[in-house]
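In each ligand, atom 1 is the first atom listed, and ligand 1 is the first ligand listed.
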Amino acid sequence: MNPSAPNAAQALWELVHEGPRLGFGPLSLSPKLQGIELRHALDDQAADGSLGSVDRAGLRALAQSDALGRFRPNKAAPNLVRGWRHQVADAAALESALDDLLPGGLTDWHALRTGSASPVAWQDFVDRQTGMYRQVPSLDEPQAEQVARAGCHPKCCLRRRFWTIRARGPEAPAGKTIVPCLEPCALVLELARREQKASVSEERSQLILNQGELTLLDQLFDRAIDAPDRALREGDLSEPLNPRRVLLLREKLLPWLPMRE
Ligand code: SF4
């Protein structure tokens, strides 16, 4: 058991009671007369009666799969099942619930704010990799930045990336929550491995498109990212239409795509 966890849970308990609600990864935490209620952040405005009550024993299973039954390798992804709520009566129960719904989230949040842990630097992290990941360090800085922006995009993950690439700072907070990410996860490392491999083994082409075609391409990106094929699994990065791979391609073309708000 992490010895800092009771302190962390108590600190979060107090923070939640300061406001009407707090986004924490894919969760919304809101103070109630008898404690704190957890639900999916997208169910923030849902009437209590429209949500099913989930007890402590049901939380772990809830976090394992998305609404289509596909395994969720990243518990901070927005693809958490909706339509439920769970109430906790004290900080210890909050800690237990978060252990099941978002493992490591509470510990990382507390560690960053108390200074007891620091985010890693990308280069230090990849320099330690061996085996199939031993070539990842050869990605240059812009490539690594593109991988990070695509892999950690708010459509894929609601932790805020604090690990950094060279002198670039943490990820912007927009679209993210107070749950920090202190080191690259396996999904991002795999995306980086594929990118490094493709960059040295595949020929480059030049492409000239007009504005209308670029707008169409941007719309196709949106469709592939927002409504991916139901057969796709989040962790299967061998699939070209995996949203993280589509986001990475989009990152590379961003300078030419229509400006967004
Ligand atoms: S590395 Fe990125 S995608 Fe993975 S947990 Fe951290 S912020 Fe999320």
Participant: Under 4.0 Å between a Lys/Arg side-chain N and an Asp/Glu carboxylate O for Glu141 and Arg168?
Facilitator: yes

Participant: Near Trp163, which atoms of ligand 1 are under 4.0 Å from a heavy atom of that residue?
Facilitator: 1 (S)

Participant: Take every heavy atom of Pro184, measure it against each atom of ligand 1, and state whether any distance is under 4.0 Å.
Facilitator: yes

Participant: Which residue owns the protein heavy atom closest to atom 2 (Fe) of ligand 1, what's the atom, and how far is it?
Facilitator: Cys152 SG, 2.3 Å

Participant: Taking all atoms of both residues into account, what is the closest heavy-atom pair of Gln87 and Gly35, and its distance?
Facilitator: NE2-N, 4.1 Å

Participant: Treating Gln123 as the side-chain partner and Pro137 as the backbone partner, does any N or O pair qualify as donor plus acceptor under 3.5 Å?
Facilitator: yes

Participant: So, Asp43 and Arg85, do they make that salt bridge, N to O below 4.0 Å?
Facilitator: no

Participant: Could Arg60 and Asp99 be called an ion pair, given the rule that one side-chain N must be under 4.0 Å from one carboxylate O?
Facilitator: no

Participant: Do the rings of Trp163 and Trp122 sit parallel, tilted or perpendicular, given the 30° and 60° boundaries?
Facilitator: parallel

Participant: Considering Pro73, Cys181, Gly104 one by one, which has a heavy atom nearer to atom 7 (S) of ligand 1 than any of the others?
Facilitator: Cys181

Participant: Can you tell me if, anywhere in Cys157, an N/O/S atom lies at a distance from atom 6 (Fe) of ligand 1 that is smaller than 2.8 Å?
Facilitator: no

Participant: Tell me whether Arg244 reaches ligand 1 (any heavy atom closer than 4.0 angstrom to a ligand atom).
Facilitator: yes

Participant: If you measure from each heavy atom of Gly151 to ligand 1, is any distance below 4.0 Å?
Facilitator: yes

Participant: Between ligand 1 and Leu187, can you find any atom pair, the residue atom being a heavy atom, that is separated by under 4.0 Å?
Facilitator: no

Participant: Has Cys185 got an N, O or S atom lying less than 2.8 Å from atom 4 (Fe) of ligand 1?
Facilitator: yes

Participant: May I ask you to test the Asp229-Leu241 pair for a side-chain heavy-atom distance under 4.5 Å?
Facilitator: no

